[in-house]
Participant: 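Okay, handing you the structure first.
By convention here, the first residue in the shown sequence is residue 1. Both counts, for ligands and for their atoms, begin at 1 and track the order of listing. Values below: all heavy atoms of this structure, side chains included; hydrogens, waters and symmetry mates excluded.
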Amino acid sequence: MIVMKFGGSSIADAEKVHRAVRLVAEARERRPVVVVSAHGKTTDQLLESARRASFGTIDTSVITAYHQTLLSELDLEPTLCDDLFDRLQGFIRGVSLIRELTPRTIDQILAFGEQCSTRIVAACMRSQGLPGVAVNSFEIGLETDSRHGAATPLPGIDASLASHLRKVEGIAVVTGFLGKDAAGSITTLGRSGSDYTASIVGAALGVEEIQIWTDVSGVMTCDPSVDPRARSLARLSFEEASELAYYGAEVLHPATLVPAIRKGIPVRVLNTMHPSDSGSIILPESALTEASAKSVVYKEDVCLITIASARLMSAVEILSRAFGILSDSGIGVHMATTSEATVSLVTDRDYDEHILSQAMNRLAELGTAQIYREQAIVCVIGEELKGKVRILEEIFAVLGSNGIKARMVSQSATEINIAVLIRNAEIATAVTSLHELILAVPQSFRGERR
Ligand code: ADP
Ligand code: ASP
Ligand code: MG
């Protein structure tokens with residue numbers, strides 16, 4: 001058994017849906033379970049529609065028209081999604097009346113994207129003689145906590161999920177991205193969450209492989225949209241891929257590897273448009289490359305918060321209280337450094353003005369608290385970094401020669417990543433120049449490893 005997950009770009013038009021269905025047909029002997037994202041940019045459009053509704057505008061026409069075109073070009077029943085469009089319109093009307101958009105309501109609205117895509121892909125499969133069955137993940141035991149917009153699956157859901165999926169008569173086409181909380185509300189797993197669904201479903205079923213079908217030929221040495229010289233990586237370790245996803249490589253949702261690691265299931269990243277490309281395989285163990293590291297990734301729009309204690313409070317005390325305050329506000333932290341009476345923290349993303357100013361007011365009770373926005377983390381990742389002492393020097397030299405000053409640096413205990421904090425505006429230069437460092441095979445690499 002395998003899981004095949006198709007991202008939004010892989011099913012963005014009729015021709016691509018046909019391609020995806022052909023790939024499922026070719027894999028039939030491996031008993032695929034399919035997971036799909038919403039078609040194309042549907043999630044963005046649903047979000048936009050919901051935001052506009054909160055200002056009084058009711059308009060779902062772009063979303064409806066797009067799906068109707070897909071249905072027509074795929075020669076499917078034109079009314080297949082009409083009940084979903086009606087319900088979506090009802091939600092949008094409700095938001096426009098109340099003029100309030102809560103995270104819970106956003107999730108109910110976003111859920112229409114994957115509900116439409118599973119129906120359409122399953123129907124296209126049936127039209128090609130494959131027994132596709134649309135399955136709502138939130139109705140088959142994918143239970144999560146209630147953190148709308150960034151929900152986490154509850155422990156112990158494997159058995160129920162697997163038993164539901166095993167009962168499906170045909171090839172299940174499961175909604176990515178969606179779950180349900182204890183109160184029965186639909187939740188979402190965070191943007192790009194269908195990768196996570198694929199892995200959750202794969203772990204529950206104990207599949208032999210989880211395949212992520214996307215628009216690039218695997219995990220690459222850097223985001224190809226930043227540097228076109230990016231090359232695919234044949235093989236990565238679970239740990240490398242986890243770090244890479246955590247530090248912003250869009251190709252994988254940050255939590256994708258968690259369920260796969262729990263069950264030791266290989267994850268393969270493949271290109272829907274070029275299925276014969278070998279792509280990347282993510283396994284428990286990596287293979288070293290002849291480069292200084294495997295990949296450079298970045299995360300934009302994070303905030304740097306510094307706190308200098310006015311009183312004689314130790315850095316440890318400031319740190320523990322600051323973490324408490326940020327956690328109360330639901331703000332995640334990616335990097336932290338301390339000096340004698342100062343701590344610096346980097347948030348995992350930019351938050352609403354309101355949330356940040358509330359947290360800053362409380363942090364100000366600990367000392368002088370300052371916030372710097374439009375910051376970015378750039379991270380160099382690879383098992384090759386282990387014991388390679390000169391790489392830090394090389395990273396600073398490369399950044400410095402491009403006029404970039406790193407405000408913070410951190411290295412994980414496992415030594416497989418080095419992260420630096422820069423400004424958003426410096427991302428392109430920093431990523432491209434560090435990528436050059438990776439593409440080159442530096443002399444210093446040879447013979448230096450411990
Ligand atoms: P999907 O719609 O299949 O989920 P995404 O857009 O979420 O696809 O992810 C694929 C995109 O991730 C690629 O088009 C690429 O621009 C981006 N990306 C960022 N970093 C990397 C990387 N290190 N390797 C490959 N792709 C990357
Ligand atoms: N449709 C969702 C999103 O756009 C989930 C996904 O694509 O993985 O974020
Ligand atoms: Mg994605």
Participant: Counting N and O atoms only, with roles assigned by atom type, does the side chain of Thr256 sit under 3.5 Å from a partner on the main chain of Leu252, one being a donor and the other an acceptor?
Facilitator: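 No; zero donor-acceptor contacts below 3.5 Å.
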
Participant: Using 4.0 Å as the upper bound for N to carboxylate O, is an ion pair formed by Asp195 and Lys5?
Facilitator: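 Salt bridge present between Lys5 and Asp195.
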
Participant: Indicate yes or no for a side-chain donor-acceptor contact from Thr60 to the backbone of Gln89 under 3.5 Å, with no hydrogens or angles considered.
Facilitator: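 Not at all, since once roles are kept as given, no pair shorter than 3.5 Å links the two residues.
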
Participant: Write out the residue and atom name of the closest protein heavy atom to atom 9 (O) of ligand 2, then the distance separating them to 0.1 Å.
Facilitator: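 Here the closest protein heavy atom is Arg191 NE, 2.6 Å.
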
Participant: Is the contact between His253 and ligand 1 made by the side chain, the backbone, both, or neither, using heavy atoms and a 4.0 Å cut-off?
Facilitator: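 The answer is neither.
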
Participant: Would you call Arg231 a ligand 1 contact, heavy-atom distance under 4.0 Å?
Facilitator: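 Contact absent.
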
Participant: Is the shortest N/O to N/O distance between Gly8 and ligand 1 below 3.5 Å?
Facilitator: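 It does: an N or O of Gly8 is found under 3.5 Å from an N or O of ligand 1.
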
Participant: Should the proximity of Asp223 to ligand 1, defined as any heavy atom under 4.0 Å, be assigned to the side chain, the backbone, both, or neither?
Facilitator: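 For Asp223, backbone and side-chain atoms both sit under 4.0 Å from ligand 1.
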
Participant: Got a donor-acceptor contact below 3.5 angstrom from the Ser295 side chain to the Thr221 backbone?
Facilitator: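 Side chain of Ser295 to backbone of Thr221: a pair is present.
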
Participant: Would you say Ser192 contacts ligand 2, with heavy atoms under 4.0 Å as the rule?
Facilitator: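 Flag set, Ser192 near ligand 2.
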
Participant: Can you list the ligand 1 atoms lying under 4.0 Å from a non-hydrogen atom of Lys5?
Facilitator: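 Taking each heavy atom of Lys5 in turn, ligand 1 has 4 (O) under 4.0 Å.
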
Participant: Taking only heavy atoms of Asp215, which atoms of ligand 1 are found under 4.0 Å from at least one of them?
Facilitator: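 Listed by number with element, the hits are 10 (C), 11 (C), 13 (C), 14 (O).
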
Participant: Using heavy atoms and a threshold below 4.0 Å, how should the contact between His253 and ligand 2 be classified: side chain, backbone, both, or neither?
Facilitator: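 None of His253 does.
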
Participant: Does any N or O in the side chain of Asp181 come within less than 3.5 Å of the main-chain N or O of Ser185, such that one atom is a donor and the other an acceptor?
Facilitator: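 Pair found, side chain donor or acceptor close to backbone of Ser185.
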
Participant: Mark the output for Lys41 as yes if a heavy-atom distance to ligand 2 is under 4.0 Å, and as no if none is.
Facilitator: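 Not so, Lys41 does not reach ligand 2.
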
Participant: Nearest protein heavy atom to atom 12 (O) of ligand 1, by residue and atom, and its distance?
Facilitator: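 For atom 12 (O) of ligand 1, the nearest protein heavy atom is Val251 N, 3.4 Å.
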
Participant: Between the side chain of Asp352 and the main-chain N/O of His354, is any donor-acceptor distance below 3.5 Å?
Facilitator: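 Side chain of Asp352 to backbone of His354, a donor-acceptor pair under 3.5 Å: no, none is there.
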
Participant: Verify, without hydrogens or angle tests, whether Thr347 (side chain) and Cys303 (backbone) share a donor-acceptor contact under 3.5 angstrom.
Facilitator: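 Yes, because the side chain of Thr347 sits within donor-acceptor range (under 3.5 Å) of the backbone of Cys303.
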
Participant: Select the closest option to atom 24 (N) of ligand 1 among Glu250, Lys41, Met220, judged by heavy-atom distance.
Facilitator: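 Ranked by closest heavy atom to atom 24 (N) of ligand 1, first place is Met220.
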
Participant: As a quick check of understanding, evaluate side-chain contact (heavy atoms from CB on, under 4.5 Å) for Tyr246 and Val297, giving each step before the final call.
Facilitator: CA-CA 9 Å; Tyr246 180 77; Val297 297; over 6 Å; no

Participant: When you measure from the centre of the six-membered ring of Phe55, is the NZ or CZ of Arg51 closer than 6.0 Å and no more than 45° off the axis?
Facilitator: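 No cation-pi geometry.
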
Participant: Sort out for me which residue in Ser276, Ser10, Ser217 forms a side chain to side chain contact (heavy atoms under 4.5 Å, CB included) with Asn271.
Facilitator: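 Per the side chain to side chain contact (heavy atoms under 4.5 Å, CB included) rule, the option paired with Asn271 is Ser217, out of Ser276, Ser10, Ser217.
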
Participant: Could you work out, for atom 6 (C) of ligand 2, the closest of Gly176, Ala111, Ser194, Ser9 by heavy-atom distance?
Facilitator: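 Answer by nearest heavy atom: Ser194.
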
Participant: Have a look at Gly248, Ala249, Gly218 and point out the one with the heavy atom closest to atom 25 (C) of ligand 1.
Facilitator: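 The option holding the nearest heavy atom is Gly218.
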
Participant: Where is the nearest protein heavy atom to atom 1 (P) of ligand 1: which residue, which atom, and how far?
Facilitator: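 Protein heavy atom at minimum distance: Thr214 OG1, 3.6 Å.
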
Participant: Give the atoms of ligand 1, by number and element, whose distance to some non-hydrogen atom of Val219 is under 4.0 Å.
Facilitator: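 With Val219 as reference, the close atoms of ligand 1 come out as 24 (N).
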
Participant: For Ser192, counting its heavy atoms only, list the atoms of ligand 1 lying under 4.0 Å from any of them.
Facilitator: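 Once the distances to Ser192 are compared, the set is 7 (O).
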
Participant: Could you check whether any side-chain N or O of Glu426 sits under 3.5 Å from a backbone N or O of Arg423, counting only pairs where one atom can act as donor and the other as acceptor?
Facilitator: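 Checked: pair present.
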
Participant: Are any side-chain N or O atoms of Glu240 and backbone N or O atoms of Ser237, one a donor and one an acceptor, separated by less than 3.5 Å?
Facilitator: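 Answer holds: yes.
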
Participant: Please check whether Thr43 reaches ligand 2 - meaning an N/O of the residue sits under 3.5 Å from an N/O of the ligand, judged on distance alone.
Facilitator: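 Such a contact does occur with ligand 2.
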
Participant: Looking at atom 7 (O) of ligand 2, what's its closest protein heavy atom, distance included?
Facilitator: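 Minimum-distance protein heavy atom for atom 7 (O) of ligand 2 reads Ser37 OG, 3.2 Å.
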
